[in-house]
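Numbering of residues begins at 1 and proceeds along the displayed sequence. We use all heavy atoms of the structure for the numbers below, so side chains are in, but hydrogens, waters and symmetry mates are not. Small disclaimer: the values here were computed from a predicted structure and weren't measured.
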Amino acid sequence: IDAPQPGDEKIVSVVREYANSIIGFKNVCIVDRKTNGAHRNGVLGIKQLFDEYGKCIIMEDDNKVSSQFLQYMNDALEFYKDDKTIFGINGFNPPIRYPDWFIHEFYKSKYFNAWGMALWSDRGYLDIIDKNDQYLDALSDRKLLKKVIRTHPKLIKALKNIYDGTLNAGDYKITFHLIKHGQFVIKPPQSFVENIGHD
């Protein structure tokens with residue numbers, strides 16, 4: 001829980017009260033920050049979990065998850081931990097109509113989504129989202145640029161906006177990384193996450 005900015009004391013106290021009422025887990029550990037970190041609070045929280053456990057499961061505050069979400073994430077973190085072609089696990093999947101022959105419980109994707117994700121510390125997540133020059137990286141390699149355009153036609157424009165400072169979107173940075181390095185995320189065909197806020 002980030003410390004409040006001036007004027008936010010009441011709302012943060014409500015969050016603290018709610019956090020202290022959470023039950024149903026093996027253990028609940030609340031980190032209550034004494035100074036406001038703003039956007040860095042999330043990064044600091046992830047780093048803390050990486051340092052302690054080498055992995056973490058992350059949700060945004062407007063995610064609603066299935067009762068199977070944590071089991072899926074924990075099982076996948078364990079199963080794929082040594083497979084370096086797998087960058088992470090995604091809990092969200094858009095509503096896609098699958099052909100009748102598709103009976104798999106998961107699939108590999110180069111499209112990263114932050115609405116419920118599980119990561120390992122050794123895949124470089126924090127370094128990747130801290131960079132804003134992926135656009136220049138793509139432009140400097142014609143073969144890579146073609147690969148990016150073929151895989152995700154809207155990605156170049158998003159990377160340019162990130163580079164220009166008009167967009168802050170880690171999803172696009174990670175998707176570029178996956179395309180560039182031939183890595184994947186694991187996704188469930190039926191989403192375990194619903195976003196009820198859409199920022």
Side-chain angles (χ1 to χ4, degrees), residues 1-2 15 18-19 21-31 39 41-50 52-126 128-129 151-152 154-155 158 168-179 181-199:
I1 303 170
D2 203 2
V15 172
Y18 169 73
S21 74
I22 293 173
I23 58 171
F25 294 91
K26 183 178 178 181
N27 187 19
V28 176
C29 176
I30 298 166
V31 177
H39 294 295
N41 186 49
V43 172
L44 292 171
I46 294 169
K47 185 179 183 320
Q48 183 175 344
L49 293 170
F50 278 166
E52 190 168 346
Y53 302 104
K55 59 187 174 182
C56 64
I57 298 170
I58 307 158
M59 289 172 42
E60 292 189 359
D61 57 1
D62 56 0
N63 292 164
K64 183 177 167 185
V65 299
S66 157
S67 60
Q68 302 302 309
F69 173 78
L70 282 178
Q71 186 72 55
Y72 161 74
M73 290 297 198
N74 280 307
D75 287 351
L77 278 171
E78 182 60 28
F79 188 82
Y80 292 102
K81 66 182 178 184
D82 297 321
D83 185 347
K84 301 298 194 222
T85 67
I86 305 303
F87 182 85
I89 316 301
N90 281 176
F92 174 80
N93 195 48
I96 298 170
R97 184 183 171 108
Y98 294 91
D100 292 338
W101 54 262
F102 188 90
I103 56 168
H104 305 288
E105 295 180 9
F106 65 88
Y107 71 97
K108 292 180 179 180
S109 174
K110 292 195 180 291
Y111 280 61
F112 184 83
N113 188 283
W115 295 343
M117 57 182 171
L119 304 163
W120 301 272
S121 59
D122 64 357
R123 304 307 202 265
Y125 173 79
L126 291 174
I128 296 164
I129 62 165
T151 307
H152 191 316
K154 297 179 179 179
L155 185 58
N168 182 16
D171 294 28
Y172 290 129
K173 296 177 185 182
I174 300 296
T175 297
F176 174 75
H177 175 87
L178 298 179
I179 295 168
H181 296 282
Q183 291 180 300
F184 301 91
V185 287
I186 298 298
K187 287 182 178 273
Q190 297 296 321
S191 187
F192 287 112
V193 180
E194 179 186 1
N195 184 294
I196 58 172
H198 263 294
D199 300 325

Quiz item: cation-pi between K187 and F106, 6.0 Å / 45°: no
P189 to N93 - nearest heavy-atom pair and separation: O-ND2, 3.0 Å
Neighbour count >12 (heavy atoms, 6.0 Å) for atom NE2, H104: yes
Ring geometry between Y98 and F102 (parallel below 30°, tilted from 30 to 60°, perpendicular above 60°): parallel
Interatomic spacing from CZ in F112 to CD1 in I179 - rounded to 0.5 Å: 13.0 Å
Shortest non-hydrogen contact from I89 toward L77: CG1-N, 4.3 Å
Over all atoms of both residues, closest heavy-atom pair of S109 and L178: O-CD1, 4.2 Å
Contact check, side chains of I186 and M73, non-hydrogen atoms, under 4.5 Å: no
Side chain to side chain contact (heavy atoms under 4.5 Å, CB included) between F87 and Y125, worked out: CA-CA 9 Å; F87 182 85; Y125 173 79; 4.1 Å; yes
Heavy-atom pair of closest approach, residues V28 and A19: CG1-O, 4.4 Å
Side chain to side chain contact (heavy atoms under 4.5 Å, CB included) between I96 and Y107, worked out: CA-CA 12 Å; I96 298 170; Y107 71 97; 4.1 Å; yes
Shortest non-hydrogen separation from K173 to N168 and the atoms involved: NZ-OD1, 4.2 Å
Full working for side chain to side chain contact (heavy atoms under 4.5 Å, CB included) between I57 and N74: CA-CA 8 Å; I57 298 170; N74 280 307; 3.7 Å; yes
Least distance between heavy atoms, G91 atom then S191 atom: O-OG, 3.5 Å
Separation of N195 CG from D62 CG (nearest 0.5 Å): 4.0 Å
More than 12 heavy atoms of other groups within 6.0 Å of I30 CD1: yes
Sidechain-backbone polar pair: K110 side chain, Q183 backbone, donor-acceptor under 3.5 Å: yes
Side-chain heavy atoms of Y172 within contact of H152, under 4.5 Å: yes
Gap between atom CD of E194 and atom CG of N63 - 0.5 Å precision: 9.5 Å
Qualifying residue for ring pair (Phe, Tyr, Trp, His ring centres under 6.0 Å) with F92, from F69, W115, Y111: W115
Atom pair NZ/CH2 of K84 and W120 - distance to nearest 0.5 Å: 9.0 Å
Pairwise distance CD(Q48) to OH(Y53) - rounded to 0.5 angstrom: 9.0 Å
Inter-residue atom distance M117.CE - I58.CD1, 0.5 Å rounding: 4.0 Å
